[in-house]
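Remarks on the structure that follows.
Order of the sequence lines sets the chain letters (A, B, ...), proteins ahead of strands, with each chain counted from 1. From a predicted model like this one, the values you see are computed outputs, not experimental measurements.
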Amino acid sequence: MRIATWNVASLRPRLERVEAWLAANEPDVCCLQETKCSDEAFPTMAFAALDYEAAHHGNGQWNGVAILSKVGLEGVRAGFTGPRAREDDEARLLVARCGGVEIASMYVPNGKAVGHESYVSKLDWLDRLSGELEASFDPSSPAAFCGDYNIAPEDRDVWDISQFEGATHVSAPERAAFARLLEWGLVDSTRYLRPDEVGPFSWWDYRAGAFHKGWGMRIDLVLVTRPLVARLESAHVDRDARKRGIKAATAPSDHAPVVVDLSD
DNA sequence: ATGGTAGCGCTGCTA
């Protein structure tokens with residue numbers, strides 16, 4: 001079973017790239033973030049033409065998450081549940097059961113700057129995520145929490161930690177929130193399989209030629225529960241999808257897809 | 001060519 005996660009940085013201008021990537025890489029499940037679509041505008045038929053069922057949760061303009069699956073799509077639920085639900089839900093969480101695995105597509109708030117109102121709501125969102133794990137999931141059942149975490153778990157998950165003093169994505173409270181997910185029972189599949197590497201990065205700023213300078217971060221992650229750890233075969237980042245390409249009409253996303261392969 | 005990029009939507013926000 002191949003699981004992918006990709007922050008597409010708006011689906012409409014990227015649809016051709018996403019279609020081509022799906023056809024070439026054939027993930028069984030692909031989680032998308034930052035679709036920036038309403039549910040009405042989501043291109044369900046384009047994905048159906050590639051043999052994917054699709055679920056989407058989006059309000060248009062900002063955020064928006066989707067799950068594409070070739071191995072079934074059942075029990076779809078959008079957003080947090082119970083006391084963690086909010087009327088001002090920003091469409092950052094979507095869950096469904098695909099091929100016997102609970103799949104979550106997640107877009108953690110960016111946070112803007114340490115101490116900013118958005119940073120506070122980022123930590124609150126992560127707190128709600130932990131609450132959701134405890135209330136609605138079982139660490140002994142197969143589950144994969146895929147998406148843009150907007151957290152670099154370790155210093156080697158950024159290109160130069162000295163450039164990140166006082167920055168978001170590496171602050172102690174964000175990493176503590178991330179550690180809480182691991183303490184619940186999740187395992188960072190890429191780091192588990194590739195324990196001695198720098199990165200591999202999944203995001204590079206559009207500005208200043210960051211991609212070509214190697215100024216990236218590893219913030220797109222596939223966290224899995226223990227039953228799936230035993231099935232982990234490989235994990236990689238498709239850097240080619242971050243390249244512009246000679247004839248492409250629109251720019252690539254600033255994120256590259258992360259791909260995890262599980263044994264059956 | 002002296003330039004942080006890109007998308008959304010139309011002025012400035014978000015990332």
Problem - Pairs where residues 7-40 of chain A contributes a residue and the test ring pair (Phe, Tyr, Trp, His ring centres under 6.0 Å) is met, not counting sequence neighbours - result: A:Trp6-A:Trp21
Practice task
For A:His236 and A:Asp261, test the side chains for any donor-to-acceptor distance below 3.5 angstrom and give the result as yes or no.
Solution key: no
Handout entry: With sequence neighbours excluded, residues passing side-chain hydrogen bond (donor to acceptor under 3.5 Å, both in side chains) with A:Arg239
Key = none
Completion exercise
side-chain hydrogen bond (donor to acceptor under 3.5 Å, both in side chains) filter on A:Glu26, not counting sequence neighbours, yields none
Practice task
Grab the CG-P distance between A:Asn7 and B:dT14 for me, whole Å please.
Solution key: 16 Å
Exercise for the section: Kindly say whether A:Ala41 contributes a backbone atom to a donor-acceptor pair with the side chain of A:Ser38 at under 3.5 angstrom? Expected result: yes
Exercise for the section: Could you tell me if the ring centre of A:Phe211 sits under 6.0 Å from that of A:Trp203? Expected result: no
Practice task
Identify, with sequence neighbours excluded, every residue that meets ring-ring contact (aromatic ring centres under 6.0 Å, His included) alongside A:Phe80.
Solution key: A:Trp125
Problem - P spacing across the pair B:dG12 / B:dA1, given as an integer number of angstrom - result: 31 Å
Problem - side-chain hydrogen bond (donor to acceptor under 3.5 Å, both in side chains) partners of A:Asn59, counting only residues at least two apart - result: none
Practice task
Specify the separation, in whole Å, of atom OH of A:Tyr149 and atom P of B:dA15.
Solution key: 18 Å
Problem - A:Tyr107 vs A:Lys36, nearer the 5' end of DNA chain B by closest nucleotide - result: A:Lys36
Exercise for the section: Using atom CH2 of A:Trp215 as one end and atom P of B:dA15 as the other, report the distance to the nearest whole Å. Expected result: 22 Å
Handout entry: Distance test, side-chain N/O of A:Arg14 to OP1/OP2 of B:dA6, below 4.0 Å
Key = no
Practice task
May I have the distance from A:Leu11 (atom CG) to B:dG7 (atom P), rounded to whole angstrom?
Solution key: 13 Å
Practice task
For A:Tyr206, enumerate each residue passing the side-chain contact (heavy atoms from CB on, under 4.5 Å) test, keeping only those at least two apart in sequence or located in another chain.
Solution key: A:Ala9, A:Arg14, A:Arg242, A:Asp254
Exercise for the section: Using a cut-off of strictly less than 4.0 Å, decide whether A:Ser10 has a side-chain nitrogen or oxygen near OP1 or OP2 of B:dA6. Expected result: no
Handout entry: Side chain of A:Trp62 - closest among B:dA15, B:dC8, B:dG7
Key = B:dG7
Problem - Sorted by number, the residues of residues 151-159 of chain A with heavy-atom contact under 4.0 Å to DNA chain B - result: none
Practice task
Tell me which residues in residues 109-129 of chain A put a heavy atom below 4.0 Å from DNA chain B, sorted by number, or none.
Solution key: A:Asn110, A:Lys112
Handout entry: Gap between atoms CD and C1', on A:Glu34 and B:dA15 respectively (whole Å)
Key = 6 Å
Between N or O atoms, less than 3.5 Å apart, protein on one side and nucleotides 1-5 of chain B on the other: list the pairs.
unit_1, atom_1, unit_2, atom_2, d
B:dG4, N1, A:Arg207, NH1, 3.3
B:dT5, O4', A:Tyr206, O, 3.2

Practice task
Measure from NE2 on A:His255 to C1' on B:dT14 and round the result to the nearest Å.
Solution key: 12 Å
Problem - Counterpart residues, ring-ring contact (aromatic ring centres under 6.0 Å, His included), relative to A:His56 (two or more places apart) - result: A:Phe42
Practice task
Using side-chain hydrogen bond (donor to acceptor under 3.5 Å, both in side chains) as the criterion, list what pairs up with A:Arg12, not counting sequence neighbours.
Solution key: none
Completion exercise
Which of B:dC8, B:dA15, B:dG7 is nearest the side chain of A:Gln61? It is B:dC8
Expected list for residues 97-114 of chain A: side-chain donor-acceptor pairs under 3.5 angstrom, two or more places apart:
unit_1, atom_1, unit_2, atom_2, d
A:Arg97, NE, A:Glu102, OE2, 3.3
A:Arg97, NH2, A:Glu102, OE2, 3.1
A:Glu102, OE1, A:Arg77, NH1, 3.1
A:Glu102, OE1, A:Arg77, NH2, 3.2
A:Ser105, OG, A:Leu32, O, 3.0
A:Ser105, OG, A:Gln33, NE2, 3.2
A:Ser105, OG, A:Ala66, O, 3.1
A:Tyr107, OH, A:Glu34, OE1, 3.3
A:Asn110, OD1, A:Lys112, N, 2.9

Exercise for the section: Remember a base hit wins even if backbone is also touched, and classify A:Phe211 as base, sugar-phosphate or nothing at under 4.0 Å, heavy atoms. Expected result: nothing
Exercise for the section: Rounded to whole angstrom, note down the C1' distance from B:dA15 over to B:dG4. Expected result: 13 Å
Exercise for the section: Find the distance A:Asp148:CG to B:dT14:P and express it as a whole number of Å. Expected result: 17 Å
Handout entry: Interatomic distance where CG belongs to A:Asn63 and P belongs to B:dC13 [whole Å]
Key = 17 Å
